[in-house]
2 protein chains.
Amino acid sequence: MIVERKSTEIRQEQIKQAVLDIIFSDGLKNLSTRNLARQIGMSEGTIFRHFPTKQDIILSIIKDVQEEFIGSLRYIANSNKEPEQRLQEFICKTVEYLSNKKGITMLLFSEASHNNDVILKNSLMLIFNSQKNLVSKIILDGIAMEKWDGDIPVENIAMLYMGIPVSLNIELTLSAGEFHVNDFCNKMFSLMIKILKNS
Amino acid sequence: MIVERKSTEIRQEQIKQAVLDIIFSDGLKNLSTRNLARQIGMSEGTIFRHFPTKQDIILSIIKDVQEEFIGSLRYIANSNKEPEQRLQEFICKTVEYLSNKKGITMLLFSEASHNNDVILKNSLMLIFNSQKNLVSKIILDGIAMEKWDGDIPVENIAMLYMGIPVSLNIELTLSAGEFHVNDFCNKMFSLMIKILKNS
DNA sequence: TATATTTGTAAGCAAATACATACATACATA
DNA sequence: TATGTATGTATGTATTTGCTTACAAATATA
């Protein structure tokens, strides 16, 4: 039997992508290493050749989220563009990332509260807090520049912001394939602007 | 050995409560019938005496949510009080229910998208849509009475509303015990009012 | 070309899983 | 008091779980 051999990096990417696909389509509870191997078309042993444990696959995905996703959100929030434009880019980046890696939201929300692994738990909290803090930063900048209403309870708006991933996920689940990233994020952006504008 | 015997109704309530407790503290993946039995202090067989399958326990909990929770939200939304008061009661009922049954949010969100069971999947979608529609109804009533801004994209506000359970859950996980229902729901209420007010 | 290293697989492991069965005991009603 | 039924448990079972191991084959390097 001829075996195609690839580098560990490529295999790790394949495995992580398959994990997210399975989570989105079949849920976390159907994420077994057997199921995972079958989906990619490799043997179960191969998975453990490239990751020490199943948990490490999850950890690696979470690390990606921190570096790729939170990293680019931080870049957007700290740029010197107008707050309004930063907010739009911020929201659209969120929607784009989460709809490219559809399993992420469910992974974050359901792996979030439990899990004995302290490192993972802290990473997850960090992700939530980073998002909240970065949104808050943009809003506070806008208020400081007197573009937005100073009476706004910034902290709470950032909390409401968490509704976006949730609603997005529900939309993604319902609309099979026919989802438009730009429509969705622009709707959310308009709404946020409406909330923030001086009355 | 002396065995205390209780009615099926009582046992079912015990089992369902324990399921929610386990989900909140240890996560869905630690919800085994063995674990469940140990937590209540009964044998595993007893669980299957009162519920045909493990899945049926989940189904029964979802049914409770529909009847108790969505039922009371519907009652609030359809009452003839002022929209503003309805909205406050609505939000506070949400916060109260979800913090009494702490496992519910995680159960709904992670069991939501996958699961082969069509009945369960539909029930979950119904719950999300009911909440969205009932919030929308209150807002539309307020707009019709010219108390709130008619230019508001009602549908999208209802989507943002879904951020409340998520943020609540994160707060509940972080603040061990020292959580105040009224503080939280009133903050969220003020925010919503701010969004809805005529500019 | 020879050898070391990396990547693959098939088979199998102990533990945990949801659930079944056989049997015992409490309790309502005759 | 006798008896049927509902509620309990101890133990078993087939399957699935995450993970290991022994070994084969592909590739890099000498």
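First the proteins, then the strands, lettered A, B, ... as listed; each starts at 1.
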Open item on the list: Parallel, tilted or perpendicular: which one describes the rings of A:Phe184 and A:Phe179, with boundaries at 30° and 60°?
Closed with: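 Aromatic pair A:Phe184/A:Phe179 classed tilted.
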
Reckon [X] touches a base, only the sugar-phosphate, or nothing at all at heavy-atom distances under 4.0 Å?
X: B:Thr33; value: base
X: B:Arg34; value: base
X: B:Leu36; value: nothing

Does OP1 or OP2 of [N] have a side-chain N or O of [X] closer than 4.0 Å?
X: A:Arg11; N: C:dG8; answer: yes
X: B:Thr46; N: D:dT9; answer: yes
X: B:Ser32; N: C:dT17; answer: yes

Task: Salt bridge present between B:Lys16 and B:Glu13 (N-O < 4.0 angstrom) - done: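 Salt bridge: yes.
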
Open item on the list: For A:Asp141, is there an ion pair with A:Lys137 - N to carboxylate O distance below 4.0 angstrom?
Closed with: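 Salt bridge between A:Lys137 and A:Asp141, a charged N being under 4.0 Å from a carboxylate O: yes.
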
How many whole angstroms separate atom [atom1] of [X] from atom [atom2] of [N]?
X: A:Ile40; N: C:dT9; atom1: CD1; atom2: C1'; answer: 15 Å
X: B:Leu28; N: C:dA18; atom1: CG; atom2: P; answer: 11 Å
X: A:Ile10; N: C:dT6; atom1: CD1; atom2: P; answer: 17 Å
X: A:Phe51; N: C:dG8; atom1: CZ; atom2: P; answer: 13 Å
X: B:Gln12; N: D:dG8; atom1: CD; atom2: P; answer: 11 Å
X: A:Arg38; N: C:dA10; atom1: CZ; atom2: P; answer: 14 Å
X: A:Asp56; N: D:dC19; atom1: CG; atom2: C1'; answer: 13 Å
X: B:Glu9; N: D:dT7; atom1: CD; atom2: P; answer: 8 Å

Task: Earlier contact from the 5' end, DNA chain D, for A:Asn35 and B:His50 - done: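 Nearest-nucleotide comparison on DNA chain D picks B:His50.
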
Open item on the list: Please compare A:Arg49 and B:Glu44 by the position of their nearest nucleotide in DNA chain D and report the one closer to 5'.
Closed with: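 Mapping each residue to its closest nucleotide by heavy atoms, the 5'-most match is B:Glu44.
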
- [ ] Report the base-pairing partner of D:dA10 (Watson-Crick or G-U wobble, both distances below 3.5 angstrom), or none.
- [x]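 C:dT21 is the nucleotide pairing with D:dA10.
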
- [ ] Let me know which of A:Ile62, A:Val65, A:Leu31, A:Val19 forms a side-chain contact (heavy atoms from CB on, under 4.5 Å) with A:Leu107.
- [x]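 Only one option passes, and that is A:Ile62.
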
Would you indicate which nucleotide in [options] comes nearest to any side-chain atom of [X]?
X: B:Phe48; options: C:dT7, D:dG18, C:dC19; result: C:dC19
X: A:Thr8; options: C:dG8, C:dT7, D:dT7; result: C:dT7
X: A:Ser43; options: D:dT9, D:dC19, C:dA10; result: C:dA10

Task: Note, A:Val135 side chain near A:Ile138 side chain (heavy atom, < 4.5 Å) - done: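 The answer is no; the side chains never approach within 4.5 Å.
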
